[in-house]
Participant: 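The structure under discussion is supplied below as structure tokens; questions concerning it will follow.
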Amino acid sequence: MRTSIATVCLSGALTEKLTAAARAGFDGVEVFENDLLASPLAPEEIRARCADLGLSIDLYQPMRDIEAVPPDEFRRNLRRAEHKFRLMERLGADTVLVCSSVSPLAVDDDALAAFHLRRLAELADGHGIRVAYEALAWGRHVSTYDHAWRIVEAADHPALGTCLDSFHILARTTDPGDLEGIAEIPGEKIFFLQLADAPLMAMDVLQWSRHYRCFPGQGGFDVAGLLRQVIKAGYQGPLSLEVFNDVFRQAEAGPTAVDARRSLLVLQESVGLTAPPAPVVPTGIAFAELVSPDVEPVSELLEALGFTRTARHRGKPVDLWQQGEARVLLNTGPGARRDGTQLAAVGLESPDPAGAAERAESLLAPVLPRRRTPEDVPLDAVAAPDGTELFFCATGRPGLPDWTTDFVPAEPAEHTEPAEPGALVEPPASGTAGGLHRIDHLALTQPWHQFDEAALFHRSVLGLGALDSVDVADPYGLLRSRAVTNADGSVRIALGVGPAPSADDGDRAQHIALATDDLVTAARRFRATGGRLLTIPANYYDDLAARYEFADGELETFRELGILYDRDADGAFRHCYTETVGRVFFELVQRDAGYRGYGAQNAPVRLAAQHVRRPVR
Ligand SMILES: O=C(O)c1ccc(O)c(O)c1
Ligand SMILES: [Mg+2]
């Protein structure tokens, strides 16, 4: 089906919006009246610009407060409509959206509403224009799709149909039975379909609609269930996104348009309209790559954690540090000097790296060059919305490109023969010196305007499942966090976001959580080798003592080492934190098999402790 996007979804001037929509691959747009009014371009010029960009103008909107008003008012409305129809002819738009009236002048009289809409449709017809009547969820007398349809049916004019908007429908009902009436509407009388999702919130519906809509798949509505009914009805028009959202209004139009189109691609797949390459769910974290201009502090930290530098890239200043199954690449190449120490890339162990990349590409993930230098093993990689490079890896699996073959053992120094594929998969002789054996999870703080996009990206592109988002109090704002994981928890990524645009985007913290079976021993070893753990206030431990019972001496040990504790119905979680280098710190975690969380309960205390250690700017 054709895809379309309302100009109100995107930031910027009309021409910027149109360019962004076209670049993201939309077929058409809904032109919002305000965007046209504010544009220096004449309607003919807008029409030409759209044509140049390959965009159709699928809808002009909105027209308000037309129907069921006193005769004088209606006469004025027709005059207004005549103006707009002439404008639409110049624009080359053949469908206009009419919202159900919110005017205090409107009366509760369906027959009158039908009569007025019929008169409007007759006038529109003379200009070759169709009228699509939409029930606003807060309409004065008409606020449901079935009511709007009854009026359209009664008006009985070929140039009059209805517009369905998933927000207005799903904001008013969560009962799938209430959607079944949609399939009863003749498909050709559904003139337009607007799609939006929204987080489930208990608030005034108009405010909810105007500020919190999001793209399908980013909220809590069953947009797919609604779309199935619309398809069942025989609807043939475009799938159009209409999202009013305070964040998207500020964010750059280009990336927002891509996020929007990805959401539609995923929605179309979910109802069986399209069949892109299936997701290939990652089965583990092959490596985390840090780039850093400060080799020494990072190396010292890795050493104190018990990592061993086992290999070096044969062509670049990239070292492989290993401990058990935990692998950290430390890249000190030219790119490293730009932004300080940060987590720049993640290797995801993939059953089918090429298939994973095809899936990602089909969902508009930027594909990265397969080789960083001509000698490198060709690896499939894409960029996540925050710029993190995701490599789809096959570590030591014959027949597939193996990233470890680009590395040669670090010792002895003169040894430069390329290693056999898989040669580095075995833990080095040092084994798990620090008692840490794998990466438990990665935590990536997203740019403030990309949180919803990031969650949708990781779910749809990587096939990970998303947990509910949680709010976490930071001393200087409220953070949101949402984890995405695979089924067995061998891949866990905690996506986070700050409260507002950060003054310095480089502040976005990232961390690597390393798993241990014995946190107390691991923490002691870390300290004994010169590592510094984040200090946690005594008040926290007094509170723990009130909430849980501990074995003799356990709480005192936690207090001494700065270990935080949480539990859910299925198990306990013990964790502590290293100091931060650049944007990056490490977490040491001991997770009982059943525990599913990330210690969010403790995050406010941890965040406050990290602020104490960092100079306030
Ligand atoms: O919030 C509004 O006024 C408004 C306008 C046009 C629409 O299509 C809509 O769904 C809402
Ligand atoms: Mg709408």
Side-chain angles (χ1 to χ4, degrees), residues 1 3 5 9 24-26 166 195-199 213-228 239 241 243 245 247-248 251 254-283 346 348-368 380-392 442 444 446-447 449-469 480 482-487 491-497:
M1 289 168 98
T3 60
I5 183 166
C9 302
F26 283 96
S166 66
L195 297 166
D197 200 342
R213 288 190 187 206
C214 54
F215 296 121
Q218 297 178 344
F221 286 176
D222 182 16
V223 183
L226 181 140
L227 178 55
R228 278 192 206 97
L239 304 177
L241 294 167
V243 167
N245 179 294
V247 173
F248 298 155
T256 306
V258 171
D259 178 29
R261 180 116 186 294
R262 178 178 304 123
S263 132
L264 263 191
L265 291 169
V266 175
L267 181 67
Q268 286 174 281
E269 176 187 29
S270 72
V271 299
L273 282 172
T274 57
V280 181
V281 183
T283 53
V346 175
L348 295 167
E349 200 62 38
S350 173
D352 173 9
E358 279 167 30
R359 166 76 179 177
E361 188 173 8
S362 78
L363 294 180
L364 314 177
V367 175
L368 302 170
D380 291 295
V382 299
D386 67 350
T388 303
E389 299 184 351
L390 302 176
F391 286 84
F392 300 113
L442 300 171
L444 302 172
Q446 303 297 306
H449 56 278
Q450 283 174 346
F451 185 65
D452 289 334
E453 175 181 4
L456 180 63
F457 178 95
H458 286 84
R459 269 199 312 121
S460 62
V461 171
L462 304 179
L464 300 174
L467 276 58
D468 286 344
S469 105
R480 281 168 76 205
R482 187 166 194 193
V484 290
T485 75
N486 64 358
V491 175
R492 301 175 192 264
I493 302 173
L495 304 167
V497 76

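Please read these numbers as outputs of a predicted model, since none were measured by experiment. Values below: every heavy atom of this structure, side chains too, minus hydrogens, waters and symmetry copies.
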Participant: Quick one: closest heavy-atom pair of Pro279 and Ser460, and the distance?
Facilitator: CB-O, 4.5 Å
Participant: Would you compute the distance between atom OG of Ser263 and atom CG of Asp197 and round it to the nearest 0.5 angstrom?
Facilitator: 8.0 Å
Participant: Quick one: are Pro351 and Thr283 in side-chain contact, heavy atoms under 4.5 Å?
Facilitator: yes
Participant: Assess whether side chain to side chain contact (heavy atoms under 4.5 Å, CB included) is satisfied between Leu265 and Thr274, documenting all intermediate values.
Facilitator: CA-CA 8 Å; Leu265 291 169; Thr274 57; 5.9 Å; no
Participant: Testing the basics here: between Pro447 and Val497, what is the closest heavy-atom pair and its distance to 0.1 Å?
Facilitator: O-CG2, 3.7 Å
Participant: Between Leu456 and Phe215, does a side chain to side chain contact (heavy atoms under 4.5 Å, CB included) hold up when you go through it step by step?
Facilitator: CA-CA 9 Å; Leu456 180 63; Phe215 296 121; 5.5 Å; no
Participant: What is the distance from atom CE of Met1 to atom CG of Leu267, rounded to the nearest 0.5 Å?
Facilitator: 10.0 Å
Participant: I would like to know whether Arg261 and Leu364 meet side chain to side chain contact (heavy atoms under 4.5 Å, CB included); could you show each step before the answer?
Facilitator: CA-CA 8 Å; Arg261 180 116 186 294; Leu364 314 177; 3.7 Å; yes
Participant: Just verifying a value: how many Å separate Asp259 CG and Leu264 CG, rounded to the nearest 0.5 Å?
Facilitator: 10.5 Å
Participant: If we only count heavy atoms from C-beta on, is the Leu273 to Leu239 side-chain gap below 4.5 Å?
Facilitator: yes
Participant: For Phe221, give me all partners under ring pair (Phe, Tyr, Trp, His ring centres under 6.0 Å), at least two apart in sequence or on another chain.
Facilitator: Phe167, Trp208
Participant: Could you tell me whether the side chain of Val484 reaches within less than 4.5 Å of the side chain of Leu467, counting heavy atoms only?
Facilitator: no
Participant: With a 4.5 Å cut-off on side-chain heavy atoms, are Val382 and Phe392 touching?
Facilitator: yes
Participant: Spell out, as yes or no, whether a donor-acceptor pair under 3.5 Å connects the side chain of Asn486 to the backbone of Val491.
Facilitator: yes
Participant: Just how far is it from atom CG of Leu462 to atom OG1 of Thr485, taken to the nearest 0.5 Å?
Facilitator: 11.5 Å
Participant: Would you name the heavy atoms of Gln450 and Pro385 that are closest together and state the gap between them?
Facilitator: OE1-O, 3.3 Å
Participant: Grab the two heavy atoms, one from Arg228 and one from Ser270, that are nearest each other, plus how far apart they are.
Facilitator: NH2-O, 3.4 Å
Participant: Does the side chain of Gln446 pick up a donor-acceptor pair with the side chain of Asp386 at under 3.5 Å?
Facilitator: yes
Participant: For the residue pair Arg482 and Ala455, what are the closest heavy atoms and their distance?
Facilitator: NH1-CB, 3.9 Å
Participant: Kindly compute the distance separating CG (Asp452) from OG (Ser469), expressed to the nearest 0.5 Å.
Facilitator: 8.5 Å
Participant: Might you confirm whether atom CD of Glu389 has over 12 heavy atoms from other residues, nucleotides or ligands at distances under 6.0 Å?
Facilitator: yes
Participant: Contact between Pro216 and Leu241 at the side-chain level, heavy atoms closer than 4.5 Å - yes or no?
Facilitator: yes
Participant: Quick check: do Phe391 and Leu348 have side-chain heavy atoms less than 4.5 Å from each other?
Facilitator: no
Participant: Please examine the side chains of Glu349 and Pro282, heavy atoms only from C-beta on, and report whether any two atoms are closer than 4.5 Å.
Facilitator: no
Participant: With the side chain counted from C-beta on, respond yes when Cys214 and Pro199 share a heavy-atom pair under 4.5 Å apart, and no when they do not.
Facilitator: yes
Participant: Would you find a donor on one side and an acceptor on the other, under 3.5 Å apart, between the side chain of Arg262 and the backbone of Leu363?
Facilitator: yes
Participant: If I compare all heavy atoms of Val280 with all of Gly355, which pair ends up nearest, and what's the gap?
Facilitator: CG2-C, 3.7 Å
Participant: Which value, rounded to the nearest 0.5 Å, describes the distance between Leu444 atom CG and Leu442 atom CG?
Facilitator: 6.0 Å
